[in-house]
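Protein chains get the first letters and strands the later ones, always in sequence-line order, with residue 1 at the start of each. What you see is a predicted model; the values in this text were computed from it and never measured.
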Amino acid sequence: MKNLKEEYSNIFQNTLNPLSKRLETFLCDIFCDIPRIDRIITRPKSINRFLDKAAKEENSKKKYTDPLNQIQDQLGARIITFYPDDVSTIAEEIENYFHPIEDQTIVPDSDSEFGYFGKHYILLIPKDVIKTSEPKIPPFFELQIKTLFQHAWSEANHDLGYKSEVDLTSNIKRKLAFTSAQAWGADQIFNDLQKEISSLVAQNSVEKCEKQ
Amino acid sequence: MKIKTIFSFLVHPSKNENIQPVIGGVEIPLTGNLFDMLSKIFSKAIDDCNIDIAFLRSQDGSQFNSCRDQIIKLMKSKTLEQGRILASRLQAVTTKRSGLGLLFIILGSNNNDQRVYIARFPADYGIVAQENESTLQVELLEQVFMKNAVSYKAVAFDGASFDSDFWVGKAIDKQISNNSISISGYWIREFLMADFRTTPAQGTRRLAMAIKKTIDQSTDIEIKEELVSAAKLAKSLNGQLISMSNFGERFGLSEKTQKALASTLNDPNLRFDQFEFTKKEFSKHIKYRSVEISNGALLTALAGRFDECFTKKKVSETSKEYTFTTQGAIIDERLSKVAK
């Protein structure tokens, strides 16, 4: 594991860090005219998180036999938007400007469950941000598109639920699901409100024009 | 990179055929004239193939591409049977227009690095002339396969990891070199289930931003003028495969203008990156706003800078007329002609 730590630390410092900054600027330039984007964040996966993930097991066997080539979110980006309908607008732009090798709309397993929601992509790193002089440039990065409420819930859930060192009780799991349901509900209402208000604004401007 | 295995298959045009013809295949010995010729092609593969391509994801969004999967299986097994699966895949998308072809699959490696090179030589007619002491014997040959034929196609993938590599490769399709992207559908989109690595919007945006940045930053009038003229003609490129470098050649940009354009790029090699030009994307970044006024004047400026260039003031409260003012040094009087 020591070698992997050294190797990833080197990539983290010399490649992922500067690449992450260039990618953020590139994304911000592309999305600067799209309304209701709260923020765009990029980050290299921290050394500890990478090593934790690399050590993960599945069926009593190491999940990653070649972590440096198999872990695809060494570089991550997130676009946070206001309302659920904005997610598809941003996704369309992503498909225009990037080459995806995977996309997933992540929702809980059943319609009566609440938990993590988000749109995830694995994208080829655009040539515009690559400096060939940098060592071991990963071919991909992960991009997540989330609403403000999805983002807030997933951050808190990551802190309290995902990282927890103890087994969560049934009541705690239910509370986490409840907060996800509330976040989902808020998203639905804000989405409806946005549509209703936009339609009122449009109607109002038509009436104004007719009066003139 | 040392060649380990070469397979060859005769691929018939059988798109939409219910019964696919049996594909004859053979492993080529790693000695002799044919091997020597293929070795040369293989060693120059990455330089010859000048279009960067990338495999497409599966339709359900998952990280899977059946062609990539078949190529990886072939690289792992190195069997004629696995090669035949790839040949069958090509046969099933080959139309009569593309015709009979001879497929070569060359596998090579160097320590951990591996390369697969897949090339389709189209069938053609050839004439053999044999000169004896006083006679000349001329004969027509059918089913001659030539690399320099206009529809020669190839693709090369290099990598060390089957997990992270072999998603992007380099292709050549002599038919697209003639700017007809639609024909490439057969080799790149249908057979490989891939697309250009640089999307039309991504490449066009890069070009437009470079033009805009160079016009804004350059103090050289000729550079600005050349780029303004080229930008106005650029919409004629819609749907064509171009690179920043051949954009410059097509519109006769001087060497200094091409250099200035390339200097805006993160990596100067990006000027050779090929992509499909889109008029819609170009116009999003480079737009000219023109206002014609009743006295015959036509005011033109880059859309984003029009209000900076011209100030507009109503002549009086009741008048429909405006006074436009602008200030600056005259850099070239011909610019006004270009604007019209």
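Only the backbone of Phe55(B) has a heavy atom closer than 4.5 Å to any heavy atom of chain A. Using a 4.5 Å cut-off between heavy atoms, Leu68(A) does not touch chain B at all. Using a 4.5 Å cut-off between heavy atoms, Phe98(A) touches chain B through its backbone atoms (N, CA, C, O) alone. Contact of Pro126(A) with chain B is made through backbone and side chain together, with heavy-atom distances under 4.5 Å. If you measure heavy-atom distances from Ile101(A) to chain B, the contacts under 4.5 Å come from both the backbone and the side chain. Heavy atoms closer than 4.5 Å to chain A are found in both the backbone and the side chain of Leu56(B).
Under a cut-off of 6.0 angstrom, the local environment of CZ in Phe178(A) is sparse, with at most 12 non-hydrogen atoms contributed by other residues, nucleotides or ligands. Within a 6.0 Å radius of CZ in Phe251(B), other residues, nucleotides and ligands contribute more than 12 heavy atoms.
For Asp52(A), there are no salt bridge (Lys or Arg N to Asp or Glu O under 4.0 Å) partners, not counting sequence neighbours. Legend: residues meeting side chain to side chain donor-acceptor pair (under 3.5 Å) with Arg39(A), ordered by chain and number and at least two apart, are absent. Residues passing the side chain to side chain contact (heavy atoms under 4.5 Å, CB included) test with Ser199(A): none are found, sequence neighbours excluded.
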Are there any donor-acceptor pairs closer than 3.5 angstrom between chain A and chain B, and if so, which ones?
{"from": "Asn69(A)", "atom 1": "OD1", "to": "Ser164(B)", "atom 2": "OG", "distance (Å)": "2.9"}
{"from": "Gln70(A)", "atom 1": "NE2", "to": "Asp163(B)", "atom 2": "OD2", "distance (Å)": "3.0"}
{"from": "Gln72(A)", "atom 1": "OE1", "to": "Gln63(B)", "atom 2": "NE2", "distance (Å)": "2.9"}
{"from": "Gln72(A)", "atom 1": "NE2", "to": "Gln63(B)", "atom 2": "OE1", "distance (Å)": "2.7"}
{"from": "Glu95(A)", "atom 1": "OE1", "to": "Arg57(B)", "atom 2": "NH2", "distance (Å)": "3.0"}
{"from": "Glu95(A)", "atom 1": "OE2", "to": "Arg57(B)", "atom 2": "NH2", "distance (Å)": "2.7"}
{"from": "Asn96(A)", "atom 1": "O", "to": "Thr199(B)", "atom 2": "OG1", "distance (Å)": "2.6"}
{"from": "Tyr97(A)", "atom 1": "OH", "to": "Glu281(B)", "atom 2": "OE1", "distance (Å)": "2.9"}
{"from": "Tyr97(A)", "atom 1": "OH", "to": "Glu281(B)", "atom 2": "OE2", "distance (Å)": "2.6"}
{"from": "Tyr97(A)", "atom 1": "OH", "to": "Lys284(B)", "atom 2": "NZ", "distance (Å)": "3.0"}
{"from": "His99(A)", "atom 1": "NE2", "to": "Phe55(B)", "atom 2": "O", "distance (Å)": "2.8"}
{"from": "Glu102(A)", "atom 1": "OE1", "to": "Gln63(B)", "atom 2": "NE2", "distance (Å)": "2.7"}
{"from": "Asp103(A)", "atom 1": "N", "to": "Gly61(B)", "atom 2": "O", "distance (Å)": "2.8"}
{"from": "Asp103(A)", "atom 1": "OD1", "to": "Arg57(B)", "atom 2": "NE", "distance (Å)": "2.7"}
{"from": "Asp103(A)", "atom 1": "OD1", "to": "Arg57(B)", "atom 2": "NH2", "distance (Å)": "3.3"}
{"from": "Ile125(A)", "atom 1": "O", "to": "Arg197(B)", "atom 2": "NH1", "distance (Å)": "3.4"}
{"from": "Ile125(A)", "atom 1": "O", "to": "Arg197(B)", "atom 2": "NH2", "distance (Å)": "3.3"}
{"from": "Lys127(A)", "atom 1": "NZ", "to": "Asp52(B)", "atom 2": "OD2", "distance (Å)": "2.3"}
{"from": "Lys127(A)", "atom 1": "NZ", "to": "Asp273(B)", "atom 2": "OD1", "distance (Å)": "2.7"}
{"from": "Asp128(A)", "atom 1": "O", "to": "Asn266(B)", "atom 2": "ND2", "distance (Å)": "2.9"}
{"from": "Asp128(A)", "atom 1": "OD1", "to": "Gln202(B)", "atom 2": "NE2", "distance (Å)": "3.3"}
{"from": "Asp128(A)", "atom 1": "OD1", "to": "Arg206(B)", "atom 2": "NH2", "distance (Å)": "3.0"}
{"from": "Asp128(A)", "atom 1": "OD2", "to": "Arg206(B)", "atom 2": "NE", "distance (Å)": "2.7"}

